[in-house]
Amino acid sequence: MHDIQFNKAHHEMIGYPFTLTPPSSSEDSPQSFNMHSPNHYILPQPYIISATPQYEMSMTSMYNSEMKPPYLTIVEQPIDKFRFRYKSEMAGTHGSLTGINSDKTRKQTYPTVKLNNFFERDAIIRCSLYQNGSSDDRQPHAHRLIMKHGHEERDDPHDLLVTKDNGYEASFHSMGIIHTAKKHIVGELKRKKTLLKLEEVARLDKIKRNLSIKEEVEIGTSADEECKSINLNIVCLRFDAFRRENDILYPICKPIYSHAINNLKSALTGELKIVRMDHSSSPAKGNREIFMLVEKVTKKNIKIRFFELDEEENEMWSEYGKFNDLDVHHQYAIVFRTPPYKDLNIDEQKKVFIELERPSDGSRSEPREFTYIPSSQNYKTGMKRPRTSMYSSSEYSSSSLNSAEIPTTLEALQNGCEVTSADLHAALENIDSDEFRKIFYENYTEFNGLQTDCGRGLSKRAPNTEEDKDRIIVDRVVEEYQDFMKSKPKNDQILHMLQSLFTKYVNDAKENALHIVASEGNLKMLRYFLNIISIHKLYTILNLRNSNMETIAHLALQQSNVDVITTILKYQCDLSAKDINGNTPLHVAIIRNQSNIVIDTLLRSPYGTDLFINAENNDNFTALHMAIKMNKVKYVDLLYKYGVNVNLIDKKTGRNSLHIAIAEQATEIVKLLLEKTTIDILKEDFSGRSPLNMAKHLTQDKEPERIQIYNMIEKALKDRGIHTECVIKEEIESEEEMEVEMVECKFEKLAIDELETMYKNATSFTSLCLEKVSRILDVSQNWLPLADLLDLKHFVHTNMIAHSKSKSRELLQIAVKVTDLWTIRNFLDNLGESEAVTLIDNMVTSTKMET
DNA sequence: CGAAGCTTCCC
DNA sequence: CGGGAAGCTTC
């Protein structure tokens with residue numbers, strides 16, 4: 001079946017019609033020779049831009065001038081990533097080259113082409129492996145495109161016969177790509193070029209002949225040249241259509257090429273993938289260091305791209321992460337710094353994406369979600385803070401001190417008196433220094449119009465402790481409020497006064513009187529303040545933040561007095577408020593290990609839990625994630641009862657709550673998640689591992705606890721009726737269980753689709769089966785109509801069949817070469833040869849079992 | 001010599 | 001059968 005091909009010169013001479021290659025048609029197009037499925041798609045009209053006289057001449061004998069010339073289209077492209085295997089690896093059967101629309105679990109497809117506008121009886125469609133490129137004179141590739149025919153494997157080119165019956169469509173099954181070793185590249189190129197040259201000269205001379213020395217030398221030098229530039233990690237398929245005359249193949253039309261097929265195993269063309277990150281968020285100003293694990297990359301050929309999409313999915317912004325060659329560790333990890341967001345003064349979190357990009361071919365990884373976080377002074381607090389005090393936030397320096405902002409009081413100090421920057425610097429470095437305190441308090445009191453001798457016996461001396469300072473603030477608020485009320489103010493004056501009291505008097509941590517009593521757990525004062533706020537309905541004060549962005553709810557949940565906590569929770573605090581770490585009060589409660597009653601109170605919010613129960617903190621953990629990491633079953637149960645979403649993933653690793661529970665070996669939580677919730681047991685994390693897979697992996701140390709976890713998951717899968725045959729087969733290693741699976745398979749009535757898939761792996765008869773089927777057909781004489789159906793009637797009259805003892809056997813042997821077993825099987829079915837069909841079915845399914 | 005690339009091997 | 005990795009070679 002080795003036929004010849006034309007080279008560039010001939011190519012130009014014939015002048016092929018321009019061919020259109022429409023996008024590969026939809027999934028429902030027929031993918032193989034199948035008599036029973038009609039063709040649904042609409043043929044594109046060829047668009048002829050040139051037709052040389054010679055071409056016209058050769059065609060007029062076949063077509064009248066009205067007819068359009070034939071052309072090839074790709075019905076199904078091959079997959080674009082495939083592992084090229086070395087010869088030494090071909091011992092077992094590995095995956096075959098499937099179609100781009102192939103679905104692992106459902107229907108397999110294969111590279112398929114169609115010869116259009118062709119009305120003769122048959123043609124030969126050839127598939128061979130070529131170097132990828134854009135020019136019209138592409139050269140054969142040094143790798144081998146092999147096709148499995150039973151146990152033997154054949155090299156390309158692969159020629160299939162197409163006829164009216166199969167819609168002039170050829171589908172190439174069971175192909176693999178063998179990676180030719182470096183040292184054999186030249187030899188392989190020469191071999192292929194020689195075969196093509198032989199075909200070419202035969203076509204020109206109309207007779208086969210050997211190559212001249214000159215021709216051989218030319219092949220040798222071009223092969224030597226090419227091996228220097230050949231890309232061993234990218235190939236493509238070339239399809240030709242031929243008409244056979246006197247055992248010489250003549251092209252019917254211009255060949256077409258598939259898109260590129262990349263070697264999945266190579267760092268140059270392999271799939272880019274972010275496997276894990278230690279953070280999935282960054283301050284808006286960027287420069288956060290992130291450790292990222294990736295699939296194999298080349299350090300000189302990789303970038304980390306950040307981008308943002310608007311609602312219509314248009315890219316609004318993009319920027320690259322910062323790193324150099326030395327930050328790429330062994331091709332599998334990158335340590336980089338985040339770029340600044342386009343707007344440094346965002347007042348809310350921004351969802352963006354992060355992905356890998358390979359400059360050499362422009363390919364990109366699947367993007368992962370990433371969050372930019374506003375700096376705390378820009379955070380939306382739900383209310384505008386009145387700027388009645390002497391210092392306004394606009395004066396805050398944007399110094400390099402990030403979270404530890406310069407306290408407002410210090411700022412005032414700097415503005416209000418003569419302090420050298422060196423003094424200030426020293427003060428900042430040693431905020432506890434006595435000298436600093438002295439300077440601070442002298443100015444502080446003066447600034448706020450307070451008399452140092454007022455208050456509670458702190459007169460004349462600077463307060464020594466934080467508590468002293470806090471005391472002053474609380475007392476001032478109480479005093480000023482009471483004094484003010486004596487003056488019988490109007491309502492709006494009171495509101496203004498209160499606002500002022502709770503924003504003007506703050507300590508180093510920007511904590512107002514309410515913050516102070518809440519964190520102290522001073523129930524009496526807390527009730528007093530809350531009562532005032534409640535009477536005047538000034539609820540915004542409840543949500544004021546300190547310098548850590550904490551509200552009173554955050555502060556309350558950090559300490560242990562349950563009465564304080566429940567008192568605060570009775571008021572309408574904003575429970576979705578996030579502190580500087582992105583934690584909501586719920587996060588804080590869980591981290592601080594509050595009692596179940598506290599958590600329950602928190603979740604029983606009259607406004608519902610929607611706004612905060614699933615909120616993520618800056619480490620991209622939800623409250624549920626935290627609860628699981630702390631192995632608190634009770635918390636998980638409570639969160640579940642209040643409607644938490646168990647399927648939210650940790651954006652750094654892609655793990656859902658079950659993954660996390662398994663990793664923490666939190667058996668009880670695993671049990672709860674499996675029994676009560678709709679947790680996704682098969683969800684794959686960024687490294688492609690499902691909880692099931694993860695649990696299985698961890699059982700290898702034979703620890704009973706882990707085995708128990710695995711068993712629970714397995715049972716849950718069965719209970720849910722998920723028959724993920726492939727998954728389960730992978731997971732189960734024990735021999736007996738494997739056998740059970742097999743037996744079940746055998747007794748199962750195979751669906752026709754599944755049967756067809758199995759047929760694709762079988763390409764020839766076993767001798768036993770061939771013998772039996774032949775005998776049946778010899779008796780029934782049905783081999784004759786079979787030959788008719790297969791369009792092989794002409795073979796019947798050849799000597800080979802006419803003089804054979806078993807005509808059926810000869811026919812079947814030819815048939816299996818020009819078409820496939822599945823077609824033959826279906827024709828036999830049509831002819832009512834059920835016994836023969838069963839025999840072939842059994843042969844195909846049992847071969848499958850053996851492998 | 002170490003890192004990356006190439007080939008073989010293994011479950 | 002897909003994935004991982006060991007053991008060579010090359011730079």
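Sequence lines set the chain letters: A, B, ... in the order given, protein chains first and strands last, and positions in each chain run from 1.
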Whole angstrom is fine here: how far is it from [atom1] in [X] over to [atom2] in [N]?
X: A:Leu97; N: C:dC1; atom1: CG; atom2: C1'; result: 15 Å
X: A:Phe84; N: B:dC6; atom1: CZ; atom2: P; result: 13 Å
X: A:Asn263; N: B:dC6; atom1: CG; atom2: C1'; result: 11 Å
X: A:Lys87; N: B:dT8; atom1: NZ; atom2: P; result: 11 Å
X: A:Lys696; N: B:dC11; atom1: NZ; atom2: P; result: 17 Å
X: A:Asn231; N: B:dC6; atom1: CG; atom2: P; result: 11 Å

Could you verify whether a donor N or O on one side chain and an acceptor N or O on the other, from [X] and [Y], lie under 3.5 Å apart?
X: A:Ser690; Y: A:Asn693; answer: no
X: A:Gln331; Y: A:Thr298; answer: no
X: A:Asn231; Y: A:Gln131; answer: no
X: A:His279; Y: A:Arg288; answer: yes

For this session: Run through A:Lys190, A:Lys193, A:Lys192 and flag the one making a salt bridge (charged side-chain N to carboxylate O under 4.0 Å, His left out) with A:Glu226.
Result: A:Lys193

For this session: Please work out the stems of DNA chain C from pairs that are Watson-Crick or G-U wobble with both distances under 3.5 Å, keeping only runs of three or more consecutive pairs.
Result: B:2-11 with C:2-11

Exercise. Below 4.0 angstrom from OP1 or OP2 of B:dT7, is there any side-chain N or O of A:Lys182?
Worked result: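 So the side chain of A:Lys182 is outside the cut-off, no N or O lying under 4.0 Å from OP1 or OP2 of B:dT7.
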
Short heteroatom pairs, N/O only, protein and nucleotides 3-7 of chain C, under 3.5 Å:
{"unit_1": "C:dG3", "atom_1": "N7", "unit_2": "A:Arg83", "atom_2": "NH1", "d": "2.6"}
{"unit_1": "C:dG4", "atom_1": "O6", "unit_2": "A:Arg83", "atom_2": "NH2", "d": "3.0"}
{"unit_1": "C:dA5", "atom_1": "N6", "unit_2": "A:Lys265", "atom_2": "NZ", "d": "3.3"}

Exercise. Among residues 323-337 of chain A, which contact DNA chain B at a heavy-atom distance under 4.0 Å?
Worked result: A:His330, A:Gln331

Problem set entry | A:Phe370 and A:Phe306: CA distance, side-chain angles, deciding distance, ring-ring contact (aromatic ring centres under 6.0 Å, His included) verdict | CA-CA 8 Å; A:Phe370 193 89; A:Phe306 288 77; 5.0 Å; yes

For this session: Test side-chain hydrogen bond (donor to acceptor under 3.5 Å, both in side chains) on A:Arg358 and A:Ser363 and set out the steps.
Result: CA-CA 5 Å; A:Arg358 183 165 49 215; A:Ser363 67; 2.8 Å; yes

Exercise. So among A:Val235, A:Asn233, A:Ile234, A:Leu232, which one has a side-chain contact (heavy atoms from CB on, under 4.5 Å) with A:Asn263?
Worked result: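 The passing option is A:Asn233.
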
For this session: Counting heavy atoms from C-beta on, name the nucleotide in B:dC9, B:dC6, B:dA3 closest to the side chain of A:Tyr86.
Result: B:dC6

For this session: State the NZ-OG distance between A:Lys114 and A:Ser171, to the nearest 0.5 angstrom.
Result: 12.5 Å

Problem set entry | Distance-minimising heavy-atom pair for A:Ser102 and A:Glu76 |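 What the structure gives for the nearest pair is N-OE2, 4.0 Å.
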
Exercise. How are the rings of A:Phe172 and A:Phe239 set to each other: parallel, tilted or perpendicular (split at 30° and 60°)?
Worked result: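 Aromatic pair A:Phe172/A:Phe239 classed tilted.
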
